[in-house]
Amino acid sequence: MDDKEPEYWPEGTTAAKAMAMLLVPQAALVVLAFVVHIWSGVWPLERFALTVEGVVLGIVAAIALIVAVYGTRPLLPGIWADLDHRAGRLFAQAPFKLSWPIILMLSAVAGIGEEIVFRGALQGWLETVSPVWSAIIAQAIIFAALHPISRAYVVYVLVIGIALGTIYVLTGNLLVTIIAHFLNDVFALERLRRLATVDRPDSVAPAA
């Protein structure tokens, strides 16, 4: 991984192939999470409860996460300029346009799939073999390592992973982190859609 201007999509990538590149790895990880249950004994949805309280907490957590993330912009302008630019390039180069159906689909796949894998399965297992705080940090490191767009982006995803892992522990409900992750990504991708260019790093937070 380096910080040169990358080309995110191979030449000739069609819209259908690009969507497959985004969605198939997510689906494979979710399947793996449930398969690993046989070995680890940890059911990824063990702490999932579909409740009104969980929905409300998820919305509150999403608002807090977005406010906290954007609150760092004045403190880290250089890092945010890089994050905005690279997130913009990723979708500006894509062979599809960010529309609301695509935004909702990508956000739902990431919110549901990544929370099942990283918080439900991975952190759930790590909590059985290590202290809770180390389980949170370890799963966040792995989560960030699988998002190697740039160094700044990896740090950003690491922070998001720690925040979501902490929320998972505090609420004890995977539904809360799924909703928080989903809404954070919807917000971020909608900002990218409105910018519609890689050369105007404005106030866009990248999706995790």
Side-chain angles (χ1 to χ4, degrees), residues 22-23 25-72 83 87 103-149 153-189 205-208:
L22 291 172
L23 301 179
Q26 296 271 6
L29 279 175
V30 172
V31 171
L32 180 61
F34 285 101
V35 170
V36 169
H37 157 67
I38 301 172
W39 165 76
S40 69
V42 175
W43 180 243
L45 299 178
E46 182 176 341
R47 285 181 277 174
F48 175 89
L50 185 58
T51 64
V52 173
E53 180 185 23
V55 173
V56 172
L57 286 175
I59 295 171
V60 171
I63 294 171
L65 188 60
I66 292 168
V67 170
V69 166
Y70 277 77
T72 67
L83 287 171
I103 286 173
L104 292 174
M105 180 178 64
L106 292 178
S107 299
V109 168
I112 296 171
E114 292 182 353
E115 290 311 304
I116 289 175
V117 172
F118 294 101
R119 262 58 72 179
L122 181 58
Q123 182 172 321
W125 170 69
L126 288 170
E127 286 179 20
T128 68
V129 297
S130 64
V132 170
W133 65 267
S134 61
I136 292 173
I137 293 174
Q139 62 81 22
I141 290 173
I142 297 171
F143 180 51
L146 293 177
H147 291 76
I149 293 177
Y153 189 77
V154 167
V155 173
Y156 166 82
V157 177
L158 175 66
V159 172
I160 293 293
I162 292 173
L164 290 171
T166 302
I167 291 169
Y168 183 48
V169 169
L170 292 177
T171 64
N173 189 350
L174 192 65
L175 175 66
V176 177
T177 63
I178 288 175
I179 292 175
H181 194 151
F182 168 74
L183 292 178
N184 177 72
D185 283 7
V186 168
F187 184 82
L189 291 174

- Kindly determine whether L106 and L23 satisfy side-chain contact (heavy atoms from CB on, under 4.5 Å), including the steps that lead there. CA-CA 8 Å; L106 292 178; L23 301 179; 4.0 Å; yes
[X] to [Y] - nearest heavy-atom pair and separation:
| X | Y | answer |
| --- | --- | --- |
| P148 | A145 | CD-O, 3.8 Å |
| P131 | S134 | O-OG, 2.8 Å |
| I116 | P44 | CG2-CB, 3.8 Å |
| A61 | A180 | CB-CB, 4.0 Å |
| V117 | A121 | O-CB, 3.3 Å |
| V176 | G54 | CG2-O, 3.6 Å |

Straight-line distance of [X] [atom1] to [Y] [atom2], nearest 0.5 Å:
| X | Y | atom1 | atom2 | answer |
| --- | --- | --- | --- | --- |
| L158 | I141 | CG | CD1 | 6.5 Å |
| I66 | L183 | CD1 | CG | 7.0 Å |
| I142 | I137 | CD1 | CD1 | 12.5 Å |
| N173 | T171 | CG | OG1 | 5.5 Å |
| I178 | E115 | CD1 | CD | 6.5 Å |
| L65 | Y70 | CG | OH | 10.5 Å |

Notebook entry, point to check: Aromatic rings Y153 and H147: how do their planes relate, parallel, tilted or perpendicular, breaks at 30° and 60°?
Noted result: tilted
Worksheet item: Do V69 and I160 have side chains that get closer than 4.5 Å, going by heavy atoms?
Response: yes
State, yes or no, whether a side-chain contact exists between R119 and I167 at a heavy-atom distance under 4.5 Å. no
Are more than 12 heavy atoms from other residues, nucleotides or ligands located less than 6.0 Å from atom CH2 of W133?
no
**Request:** Test Q139 against I136 for side-chain contact (heavy atoms from CB on, under 4.5 Å), laying out the working first.
**Result:** CA-CA 6 Å; Q139 62 81 22; I136 292 173; 4.2 Å; yes
The residue among Y168, F143, W125 that forms ring pair (Phe, Tyr, Trp, His ring centres under 6.0 Å) with F118 is F143
Only one of V30, L32, I38, V36 passes side-chain contact (heavy atoms from CB on, under 4.5 Å) with F34, and that residue is V30
Discussion item. Applying side-chain contact (heavy atoms from CB on, under 4.5 Å) to V42 and E127, what does each step give before you reach the verdict?
Written reply: CA-CA 10 Å; V42 175; E127 286 179 20; over 6 Å; no
